[in-house]
Each structure stands twice: as structure tokens, then as C-alpha cells.
Amino acid sequence: EHVIELGGMLLIESVVEEIDAVLEPLLARSIARRGKSNLVIKLGGTDINYVATFKLFLQSKLSNPHFRPEIAAQCTIINFIVTRW
């Protein structure tokens, strides 16, 4: 919660192919505006102040992960696999 409110970066490591439903509002960017400049996101039933500079990074150790199509459409997936020449 604090990272979202401060607008920092959050790295979640060792993500498996099924991503926890609690992260769905973050992945979908379900952000609501309260007032003129106050942004809020509902996370786990709690309203949290959202700062637009917040970044979420998900890292997987799977060599070829297959995420649900909804997740793949909401994220930018980068494959950093290293191969030998």
C-alpha cells in the first residue's frame, strides 16, 4: 500500500502463471478520481490513494510462462531469456 501511495516501484518476484486476484485492479489500472486531483484504487476492499508515478514489475523464473489472455493484454511482457550462440 505504501509504495502505491508514494508512487514508487514494486517488484514481485517468482510469479507463477496464475496471478493472485488481489492484483487485478493494479493490472487493469482500475483507478477512480475523487475530487479534482485525488486518484484512488480499490485494493482488497480498501481504497488506497494512487500516485501516477507508481510502477509494478512482475518477475517470473519460468522459462516460457503462459499467462491468461486477460493478463497478457494488460501487461507488457518482456522475455529476457539468455541463449548460447
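Every value quoted in this text rests on a predicted model; they were computed, and no experiment measured them.
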Enquirer: Measuring from atom CZ of Arg29 to atom CG of Leu39, what distance do you get when rounded to the nearest 0.5 angstrom?
Expert: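 One gets 13.5 Å once the value is rounded to the nearest 0.5 Å.
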Enquirer: Calculate, to the nearest 0.5 Å, the distance between atoms CZ and CD1 belonging to Phe54 and Ile41 respectively.
Expert: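 Taking CZ in Phe54 and CD1 in Ile41, the distance rounds to 8.0 Å.
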Enquirer: Which pairs would a plain distance check flag for residues 67-75, meaning a side-chain donor or acceptor within less than 3.5 Å of a matching protein atom at least two apart in sequence or in another chain?
Expert:
residue	atom	partner	partner atom	Å
Arg68	NE	Glu70	OE1	3.0
Arg68	NH2	Glu24	OE2	3.1

Enquirer: What side-chain donor-acceptor pairs closer than 3.5 Å can you find for residues 3-16, not counting sequence neighbours?
Expert:
none

Enquirer: Applying side chain to side chain donor-acceptor pair (under 3.5 Å), can you list everything that pairs with Asn49, at least two apart in sequence or on another chain?
Expert: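 Residues passing side chain to side chain donor-acceptor pair (under 3.5 Å) with Asn49: none at all.
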Enquirer: Got a second to check how far Glu1's CD is from Thr46's OG1, nearest 0.5 Å?
Expert: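 These two atoms lie 6.0 Å from each other.
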Enquirer: Using the rule that Ile, Leu, Val, Met, Phe, Trp and Tyr join whenever any side-chain heavy atoms are under 4.5 Å apart, tell me whether Leu27 and Ile31 fall into a single cluster.
Expert: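 Yes, one cluster joins them.
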Enquirer: Among the clusters formed by ILVMFWY side chains lying less than 4.5 Å apart, do Ile77 and Leu62 turn up in the same one?
Expert: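 No, Ile77 does not connect to Leu62 through the hydrophobic network.
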Enquirer: What about Leu26 and Val40, same hydrophobic cluster or not, with Ile/Leu/Val/Met/Phe/Trp/Tyr joined at side-chain heavy-atom distances under 4.5 Å?
Expert: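 Result: no, two separate clusters.
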